[in-house]
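To keep things clear, I will list the structure first and then write my remarks on it.
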Amino acid sequence: MIKSELVQRIAEHNPHLYQRDVENIVNAILEEIVSALSRGDRVELRGFGAFSVKHRPARAGRNPRTGEHVPVEQKSVPFFKTGKEMRERLNRNGHDEEAAASS
């Protein structure tokens, strides 16, 4: 699902809201998550998961074409860990679909 599809679904489930308002809300939420991560904060959405930043140290890499060693600078990357409730729901739904398919 892409962001525009998410906005569309939320707007469909909430007909009292204008789609442009839903889009502004989704953009604001995502922007706040990005801002918090850029400050080094962790963002936890209970039942959904947690966003954090992992720091990767500088290392020696390798050019796959030439095999030449190249330096790779340190970098920060976003990391998402699913919440327990989401994992349980995904696994429960996966088992329900498997059981239905085997019947």
Side-chain angles (χ1 to χ4, degrees):
M1 175 182 290
I2 59 175
K3 184 166 69 169
S4 60
E5 292 170 337
L6 175 63
V7 169
Q8 182 66 36
R9 283 217 183 146
I10 293 171
E12 287 170 3
H13 285 72
N14 297 279
H16 60 285
L17 297 174
Y18 291 112
Q19 185 165 341
R20 70 176 177 272
D21 292 336
V22 172
E23 187 171 359
N24 288 338
I25 292 166
V26 169
N27 286 335
I29 291 168
L30 296 177
E31 184 58 39
E32 284 302 315
I33 291 171
V34 170
S35 294
L37 292 175
S38 68
R39 291 190 305 268
D41 295 340
R42 181 174 183 269
V43 177
E44 182 179 335
L45 304 172
R46 294 280 166 138
F48 184 73
F51 297 91
S52 60
V53 177
K54 295 226 176 195
H55 302 284
R56 295 192 179 162
R59 62 182 174 86
R62 188 178 60 82
N63 181 327
R65 283 192 185 178
T66 64
E68 176 186 0
H69 288 279
V70 292
V72 177
E73 293 182 7
Q74 71 176 5
K75 60 183 168 183
S76 299
V77 293
F79 179 75
F80 177 75
K81 182 177 180 183
T82 58
K84 181 181 176 185
E85 188 176 314
M86 180 192 283
R87 278 193 309 273
E88 289 173 352
R89 187 171 175 188
L90 290 174
N91 287 320
R92 182 177 58 241
N93 288 343
H95 292 300
D96 293 344
E97 291 170 10
E98 289 174 13
S102 66
S103 299

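Source: prediction; values computed, not measured. Side chains included, hydrogens not; waters and symmetry mates left out as well; all remaining heavy atoms used.
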N/O donor-acceptor pair under 3.5 Å between E5 side chain and I2 backbone: yes
From N91 atom CG to M86 atom CE, the distance as rounded to the nearest 0.5 Å: 11.5 Å
V43-V34 co-clustered via ILVMFWY side chain contacts under 4.5 Å: no
Neighbour count above 12 (heavy atom, 6.0 Å) for E85 CD: no
In one Ile/Leu/Val/Met/Phe/Trp/Tyr side-chain cluster, 4.5 Å: V7, I25: no
Shared hydrophobic cluster for M1 and V22 (ILVMFWY, side-chain gaps under 4.5 Å): yes
Single-linkage hydrophobic cluster, 4.5 Å side-chain cutoff, Y18 and L6 together: no
CZ (R39) with more than 12 external heavy atoms under 6.0 Å: yes
Any E23 side-chain heavy atom under 4.5 Å of V26 side chain: no
Expected output: side-chain R87 to main-chain T82 donor-acceptor under 3.5 Å: yes
Interatomic spacing from OG in S76 to NZ in K54 - rounded to 0.5 Å: 12.5 Å
In one Ile/Leu/Val/Met/Phe/Trp/Tyr side-chain cluster, 4.5 Å: I10, I29: no
Atom pair CZ/CG of R20 and N24 - distance to nearest 0.5 Å: 8.5 Å
Donor-acceptor pair between E12 and Q8 side chains, under 3.5 angstrom: yes
Sidechain-backbone polar pair: N63 side chain, R65 backbone, donor-acceptor under 3.5 Å: yes
Distance, nearest 0.5 Å, that separates CZ of F80 from CG of L45: 7.5 Å
Straight-line distance of L30 CG to S35 OG, nearest 0.5 Å: 11.0 Å
Residues K75 and E73 bridged, charged N to O under 4.0 Å: no
